Amino acid sequence: MFSGIGRKMSSFIFGASPLQPTGAPLQAITVGLTEDDDDFSFYVLSGTQLQKWTIGEGITERLFYQVDVDRMFRESIARKLWDQDSKHLTQFKSWLIDMQSTSNGVVIFGAAVNMDVSLTVSYALAFIDTDIGGTPSALEKLVLLDYQDSYDDELEYQLQNFKLVVPDTKTYSGYVYNKERVLYVPGETEIVDIQAPGGHVLGAGCCDKCAIFFSSSVGLFTISMTQKQDMGLVEESNYDVSRADMSVLAASSSQIQELSMSDDKISRLKGAFLAAMKGNMKQAQAEVDKLFPVGDHANSDIDQVVTSLSKDLIDDYPASDPRWAESRQDPSSRTTSLIILNQLNDKVKAHDYIINFLKKVGLWDKLKEVQSRDTQMLTRNALCEHAEKIQAAIALRTQHSTYPALVDAAIKKVLEKRGDFDSMQSLTPQDIFYREVSKVHEIAEALMEYEEHFLAADVTTQDVLTVVSSVNAVLQSMFDQALQYRQNKVGVYQSYGPEILEYTPWTSTSGERGIRTILIKQYTKTYEEALPETGDAEIRDVLFEQLVHLTDIVLDGYRCQLESLRQCNSAHHDQFLKRYEQDRNKMIAPLLEYGKHEMAASLAEKYCDFEILIQLCDDTNNSDRIERYLVQFADKGFADFLYAWYLKKGKRGKLMSLPVSQHAELRSFLQTDDNKYLSWLHDIHTNNYIEAHSTLLDLARLEVGCLAKKKTLLSLSKLAGLAADDPREEVITEDHIEDINREQDLITHQEQLPPRVIQHLGMEEDNMRVLAPVEIIQQYISDFNIDANEFDFKKALDLLQYIDKDDENIDFEALRLYIWTRAVLRNSWVYDQAIDPQDVLKDTIFFKVIDLAYREGQNLPSFLPELDSLLQSDDLGLLKDDDTFQYLMSAGYEHIQQML
């Protein structure tokens, strides 16, 4: 019964909105923060859309933007829960249930189920930053609830009973409730069941950052989550942390005081962080405000200080390990375990806390760019890189137990290059290496060096396969885990500011020692040295799986860097794109060659290698797959690439046999100048004879290279025009047919050129280029046409009808007179007075042409040149002053006048 209420309510408050979809339900309306004294913002959640309205002075309302928030929710929760694109989940359903305001936007309570996997309904809070200066394109953060339901027909009705309360608008927390229970989010979701008779929750509100609930049995009550409130920063993390953990994550007051009194900004920021970890947010905020005063231009070092703090944290010394006592100078060590893997996991938690700290004290939105790896990069990217390296170190440590000899040897090489062996004392190489997480990437080069040294020795085939496969497994595990973290946390580290810089992920660095270079070398070594050595299907499958993962890591880094180049309009984007496409094809094509079609397809689909996809479909003659790709990549230019590929490979039959759904797009592609010569075939195929007729005529007019081709095009155009059955185009078609007839007559004149003339032009009779009318005239009357007669000159004069008299480049009358003078010069004009002049004249080419024209019914007065103009023409040479010639010409003209 609430259908359309969103449209009605927004119309009632703000006036009619053409953007609001008809029939969309209204889930929530909430007031945003005051932007100034006279301007307020409101948010409307209706159906799948989130609208931001502003009301200004004089109660004037304005729709600021409308965004499909359901799409953002679906994409985020599908990626977080199932690591898939929501577009590919056919049984995926989502619901947007309620919405509340936060300090910088709104939070939406939603639910989702993927029935392809199970009937489990998951719940989440979706935080959206609406104060980014434009329309939001992604969620700021997605917090999952540790509470689930099972999907059934009644659940959708029950979902409407859930409501959201956000008492503290500056945190990623809140309460979700219905009549029976209250849920506290985030972390380990706490559930409070209201079980007293008649004790249903009737409503809720907020007061002084405290949630207040109203029940029919007990009246007003609050639910105190004291443990979480005391944790300070920890309450906003995604980890389950006990009070025992808290004691080792917080420094003593004297240590915090010592850091806060330091002259070093990094130490002072550490002190503020530790105060926040201890739960004293007021002290932490005060220290940060003192360290970076608002409006102080000296705060340009915020990015460097924050990045240094993060780096110090990931390179932290284990606080509880006495073997590090002499090396540890920092009283703020976060790592408390003696076990390396636990130390790394502690660093993951600590890094998550420091991100929450930066957000809570207002530094997160002030981060811009920082110098890192000898280049400028966004500070958020640098912080994400630190977290990724912890994940890579954890993966490496996990693989260490599987490949101890390999990893130990590589670690030894790394430490030798660093010169760290001298300071080992009671520490193991593993202790030293895993402590300095920021340099974990150095293991990749060491693994390659170990592998090359090993393979250079006299080893068995099995040894080759073992070491190559082992190196692949270690590299794959490290970079896969780092890549997974980057993809999962894209919403956390994404920057919405105006700063756009080129970004090269640390997993995609180039150069001789770059990670991308190392991974490509390892791919080549696997493909060229390991695969040919084995015929065992199981081993080969393992190696191919590893090749897929290596390719995925390399191409993902390429894609990330390309996107940053595109966003900052870099001049070398196109050059880098070409390099990416070359490496992409070089790494996917071998899978296709070995018949690993699905592996190749998965990578080609993910990274849009259309050439691989088309080649795969062509090799397997899979037209259904082609049709699927035409739909799947419709917005990425797949269709045009497919058409061009078919033309390049000479597969015109397949091009013309594409499904009906592609006809419109194919026709548009074929209308381009490069492909127009095929568009008429498509028009014939679709019974569009008028278009085929026009296209063929255009092609014929443009054809200059081959006379026979032009003749064929004209004939086909005439046939298509005659076959057209459209009365509306009848007049146009008739005009075109007349033009075609004229063009065909002109072709006939060229075809009738004497063979000797054609040979002089360097052409063959059956392979002539198209000559212009002036060129044909010149060939008929040239000296090379030694056997020219009156018929040749009459043809030359007839060809004048094809000359445009308005063409500024051609003097029509001069050309006409020139033809006549050439006819004159074909004879000697020697006169014997004993012979009748008329007998002399009738044997000349000039008067034979006139006699031929007279017999053909020509109008001689307009056909003949003026006598005076002819006699004065410089083209006559010596005849111009020859009295005998002038006498004979005058006599001839007088005789013609008598005849007329």
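All of these numbers come straight from a predicted model, not from anything done at the bench.
- By the 6.0 Å contact criterion, CD on Q376 is enclosed, its count of non-hydrogen atoms from other residues, nucleotides or ligands being greater than 12.
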- [ ] Assess whether salt bridge (Lys or Arg N to Asp or Glu O under 4.0 Å) is satisfied between K649 and D618, documenting all intermediate values.
- [x] CA-CA 11 Å; K649 300 296 182 179; D618 192 65; over 6 Å; no
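- Taking the six-membered ring for Trp and thresholds of 30 and 60 degrees, Y147 and Y123 have ring planes inclined between 30 and 60 degrees apart.
- Summarising the geometry, atom CG belonging to N569 is positioned 12.5 Å from atom CD belonging to E502; distances are rounded to the nearest 0.5 Å.
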Open item on the list: For a salt bridge (Lys or Arg N to Asp or Glu O under 4.0 Å) check, start with the C-alpha distance between D541 and K596, then their side-chain angles and the critical distance, and finish with the verdict.
Closed with: CA-CA 9 Å; D541 286 344; K596 300 297 180 181; 3.0 Å; yes
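- Using a 4.0 Å cut-off between a side-chain N of Lys or Arg and a carboxylate O of Asp or Glu, R373 and E385 qualify as a salt bridge.
- A distance-only check finds a donor-acceptor pair linking the side chain of S564 to the backbone of Q561 [under 3.5 Å].
- I520 CD1 to I553 CD1: the interatomic distance, rounded to the nearest 0.5 Å, is 12.0 Å.
- Note that the CG atom of L96 and the CD1 atom of I108 stand 5.5 Å from one another [nearest 0.5 Å].
- A distance of 10.0 Å separates CG of L164 from CD1 of I97, quoted to the nearest 0.5 Å.
- The aromatic rings of F610 and F641 sit perpendicular to each other, their planes meeting at more than 60°, with 30° as the lower class boundary.
- Residues passing the side-chain hydrogen bond (donor to acceptor under 3.5 Å, both in side chains) test with E545: none are found, sequence neighbours excluded.
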Task: Stepwise side-chain hydrogen bond (donor to acceptor under 3.5 Å, both in side chains) check, Q51 with Q66 - done: CA-CA 4 Å; Q51 296 179 343; Q66 175 170 290; 2.5 Å; yes
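- Other residues, nucleotides and ligands place no more than 12 heavy atoms under 6.0 Å from the NZ atom of K636.
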Open item on the list: Applying side chain to side chain contact (heavy atoms under 4.5 Å, CB included) to H441 and W506, what does each step give before you reach the verdict?
Closed with: CA-CA 8 Å; H441 58 279; W506 68 280; 3.6 Å; yes
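- No salt bridge links K586 with E581; every basic N to acidic carboxylate O contact stays at or beyond 4.0 Å.
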Open item on the list: For a side-chain hydrogen bond (donor to acceptor under 3.5 Å, both in side chains) check, start with the C-alpha distance between N472 and Y523, then their side-chain angles and the critical distance, and finish with the verdict.
Closed with: CA-CA 8 Å; N472 285 343; Y523 179 103; over 6 Å; no
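- Salt bridge absent: R380 and E369 never bring a charged side-chain N and a carboxylate O closer than 4.0 Å.
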Task: Full working for side chain to side chain contact (heavy atoms under 4.5 Å, CB included) between Y527 and L591 - done: CA-CA 10 Å; Y527 176 66; L591 300 173; over 6 Å; no
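- The two residues A601 and R625 come nearest to each other via the heavy atoms CB-NH2, 3.1 Å.
- Using a cut-off of 4.0 Å between Lys/Arg side-chain N and Asp/Glu carboxylate O, E75 and R79 are scored as not salt-bridged.
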Open item on the list: If you apply the rule salt bridge (Lys or Arg N to Asp or Glu O under 4.0 Å), what do you find for E563 with R566, and how did you get there?
Closed with: CA-CA 5 Å; E563 179 61 20; R566 183 191 65 79; 2.4 Å; yes
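- With sequence neighbours excluded, no residue satisfies salt bridge (charged side-chain N to carboxylate O under 4.0 Å, His left out) with R579.
- A cation-pi contact, defined as under 6.0 Å to the ring centre and within 45° of the axis, is absent between K52 and Y43.
- A cation-pi arrangement is present between R516 and Y558 under the rule of less than 6.0 angstrom and at most 45 degrees off the ring axis.
- The OG1 atom of T524 sits 9.5 Å away from the CG atom of L547 when rounded to the nearest 0.5 Å.
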Task: salt bridge (Lys or Arg N to Asp or Glu O under 4.0 Å) assessment of E156 paired with K93 - done: CA-CA 11 Å; E156 293 195 43; K93 295 188 70 174; 2.6 Å; yes
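- Distance check: N488 CG to Q391 CD gives 9.5 Å after rounding to the nearest 0.5 Å.
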